Amino acid sequence: MAPKKSANRTRPGKVEVPAAKPARPDLAQVRERIDAIDRQIQALIAERAQYALQVGKAKGKLAAAVDYYRPEREAQVLRMVVDRNEGPLSDEVLVHVFREIMSACLAQQEPLKIGYLGPEGTFSQQAVLKHFGRSAHGLPLASIEEVFQEVENGNADFGVVPVENSGQGTIQVTLDMFLTSSLKICGETELRVHQFLLSRSGRIEDIERIYAHPQSFAQTAGWLRANLPKVEKIPVSSNAEGARRARNADDAAAIAGESAGHVYGLKKVITRPIQDDADNTTRFLVIGRQIFPASGHDRTSVLVFIRDKPGALFDVLSPFARHGISMNRIESRPSHQAKWEYGFFIDLAGHVEEPAMKAALAELEGHSAQIKVLGSYPVAVP
Ligand SMILES: O=C(O)C(=O)C[C@]1(C(=O)O)C=C[C@@H](O)C=C1
């Protein structure tokens, strides 16, 4: 046992004896212990997988993998993992491990098909892996519009689309898709975005042009101005597409995530990320065809169309205030239906099944031209 801290305290008149060094652990013994624990973990994972199959049977004969998926239950499982965590591993690491276990348990029925903005190596693909785990089947698609389309027509069970970045704000294409789409928001996930400068040679002096998505140029503008002010900047549809192009030329580089570097065989020109904001984070939405039940800590997104008249926005917001519902975000976009008509995207704390939310929405229906509930979904787990 480690000596108590008080044993080391200096006492007057006493010669201080250095504390004995803890004995070095015996490697073979520690490994034996790890092997024994691994056997237990493996047996427990297998047992858990059996129970997950039983849960599947308890749900009855369902049509497809998507019908077995329960995002509200997954969020509850992950929150319990976080609540139980006493270290030494971080919440993020443990959530990742349990996410993978659930992903594998669910895939026993049939893997989920998840559409995202491709090609492989995009941050959207990383968000898919973070939220659905490696047992889900990712479908790289050409645009955010196509992600919506493929979920709408059933070729994908869910889609993952970026909605806002901590530094650059809203991804407007995504919000605009909700103006006309019937899809629902079923989840959200946040991803730390680390932008790397990548090239075939890995030498900064070779670089004459850089490919990247406009968002990534914006996120690294300060670094580029200070370090590569003269290079040509070529915007492309995704960072992975930029990486794909950069692998064909010695004088080209790309700004993209580490995984794009692995997929396209590029080296890091600078070892650390080059984005101007170290905490750069993107929030992604999971889109599907239905609203799931409450998880206990949820968010509701609504789209409200209002006419340009005095007090219109006040009328929209006051029912939420009256029913004690916090608003997390509000964003307006032209409605594309009539001139000077706007769609307000509002994120609220709570679930549509909760009485306060039901009452506030009913009141709002009386005031505004049109309300669309875009979804109620679990707040992101780290
Ligand atoms: O609890 C369920 O409904 C399950 O199907 C089990 C389980 C799990 O592995 O914990 C698997 C998939 C669901 O998305 C949620 C949870």
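The shown structure was predicted, so the numbers you read here are calculated from the model rather than taken from an experiment. Start at 1 and go down the list; that is how both ligands and their atoms are numbered.
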Side-chain atoms of residues 44-54: list all donor-acceptor pairs with protein atoms under 3.5 Å, sequence neighbours left out, distances to 0.1 Å.
none

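- No hydrogens or angles considered: a donor-acceptor pair under 3.5 Å links the side chains of E363 and H323.
- In this structure, K268 pairs ionically with E258, as a charged nitrogen and a carboxylate oxygen lie closer than 4.0 Å.
- With respect to the salt-bridge test (charged N to carboxylate O, under 4.0 angstrom), the residues R209 and D251 qualify.
- For the pair R283 and E164, the salt-bridge criterion is met [side-chain N within less than 4.0 Å of a carboxylate O].
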Identify the protein atoms, limited to N or O, that lie within less than 3.5 Å of an N or O atom of ligand 1, and list each pair with its distance to 0.1 Å.
| residue | atom | partner | partner atom | Å |
| --- | --- | --- | --- | --- |
| ligand 1 | 3 (O) | K59 | NZ | 2.7 |
| ligand 1 | 5 (O) | K59 | NZ | 2.9 |
| ligand 1 | 9 (O) | R48 | NH1 | 2.8 |
| ligand 1 | 10 (O) | R48 | NH2 | 2.8 |
| ligand 1 | 14 (O) | R70 | N | 2.9 |
| ligand 1 | 14 (O) | E74 | OE2 | 2.6 |

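- Of the candidates H213, Q195, Q275, Q195 is the only one forming a side chain to side chain donor-acceptor pair (under 3.5 Å) with Q219.
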